[in-house]
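Worksheet: the structure to be examined is printed underneath.
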Amino acid sequence: SFEEWNKWSNCEWGHSEKDYCSGGQLRMATDLSPSLDKLREPDGSILFTGYGQSDFMFVPTHLADIFEEAATPHLKHGVWIECAFPKVLDNVIQRTQTQHRMIPLCTSWDYGTIRDKKQM
């Protein structure tokens with residue numbers, strides 16, 4: 001439940017407690033269908049690895065099928081991209097031993113001095 005989630009969560013991101021994030025993740029965690037087996041830990045649980053700004057991700061073509069397998073259950077359970085991508089990426093890395101690289105994003109919510117300016 002959301003109440004239980006709030007007890008142990010140290011996440012202060014306002015969207016985390018919304019249905020489109022933790023609600024969908026709770027539905028995934030309690031869905032026993034075999035389609036989620038590749039996302040499970042050895043003990044059968046599904047762990048979710050944080051959140052982050054996730055406007056896009058470049059996926060090499062040779063990893064596209066694995067990426068799709070990891071991403072589809074999130075879509076099915078209504079988990080938004082910002083909440084889904086960390087788990088999807090974690091699963092792809094675990095299954096393929098591939099490396100990833102994060103680049104700093106140019107997003108700013110500072111409308112006074114940065115947003116909609118050339119340096120953004």
Side-chain angles (χ1 to χ4, degrees):
S1 71
F2 288 118
E3 293 78 26
E4 290 177 39
W5 182 87
N6 277 325
K7 284 182 191 175
W8 55 261
S9 175
N10 63 358
C11 178
E12 297 180 12
W13 189 51
H15 297 282
S16 295
E17 62 186 37
K18 304 295 184 185
D19 186 64
Y20 50 78
C21 279
S22 61
Q25 291 171 335
L26 286 169
R27 288 188 292 277
M28 282 180 63
T30 56
D31 182 344
L32 301 177
S33 65
S35 64
L36 292 170
D37 286 349
K38 291 182 180 178
L39 294 175
R40 295 189 193 288
E41 300 298 315
D43 68 357
S45 65
I46 298 178
L47 301 178
F48 296 96
T49 51
Y51 66 94
Q53 187 169 6
S54 305
D55 297 326
F56 60 89
M57 183 184 298
F58 293 105
V59 179
T61 310
H62 72 277
L63 297 176
D65 291 340
I66 293 169
F67 179 87
E68 181 182 9
E69 284 179 7
T72 298
H74 293 84
L75 180 62
K76 174 186 170 191
H77 291 285
V79 181
W80 279 15
I81 192 172
E82 289 85 354
C83 303
F85 265 7
K87 177 63 179 176
V88 172
L89 178 60
D90 179 62
N91 185 258
V92 170
I93 290 170
Q94 285 186 30
R95 290 172 60 190
T96 64
Q97 303 303 307
T98 193
Q99 295 181 356
H100 76 286
R101 179 172 49 138
M102 294 178 65
I103 57 171
L105 297 176
C106 59
T107 301
S108 171
W109 300 109
D110 178 355
Y111 283 89
T113 59
I114 297 175
R115 190 149 178 100
D116 298 328
K117 304 290 189 279
K118 205 174 209 178
Q119 71 263 31
M120 190 174 151

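- Both M57 and L63 sit in one connected hydrophobic cluster of ILVMFWY residues. Membership requires side-chain heavy atoms under 4.5 Å apart, directly or through other members.
- The distance from the CG atom of L89 to the CD atom of Q94 is 10.0 Å, given to the nearest 0.5 Å.
- Separation of atoms NZ (K38) and CD1 (I46) is listed at 14.0 Å; rounding is to 0.5 Å.
- Other residues, nucleotides and ligands place no more than 12 heavy atoms under 6.0 Å from the CG atom of D65.
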Could you walk me through whether D31 and K76 pass side-chain contact (heavy atoms from CB on, under 4.5 Å), step by step? CA-CA 11 Å; D31 182 344; K76 174 186 170 191; 3.3 Å; yes
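- Rounding to the nearest 0.5 Å places CG of L36 at 11.5 Å from CD of E69.
- Nearest heavy atoms, S35 versus P73: O-CG, 4.4 Å.
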Salt bridge (charged side-chain N to carboxylate O under 4.0 Å, His left out) evaluation trace for K87 with E41: CA-CA 12 Å; K87 177 63 179 176; E41 300 298 315; 3.7 Å; yes
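- Cluster membership check: L75 does not share its hydrophobic cluster with F67, using side-chain heavy-atom separations under 4.5 Å among Ile, Leu, Val, Met, Phe, Trp and Tyr.
- Between the NE2 atom of H74 and the CD1 atom of I81 there is a distance of 11.0 Å, given to the nearest 0.5 Å.
- In terms of heavy-atom proximity, P86 sits nearest to E82 at CD-O, 3.6 Å.
- Atom CG in N91 sits 4.5 Å away from atom CG in L39 (nearest 0.5 Å).
- Partner of I66 under the side-chain contact (heavy atoms from CB on, under 4.5 Å) criterion, chosen from T98, T96, V88, V59: T96.
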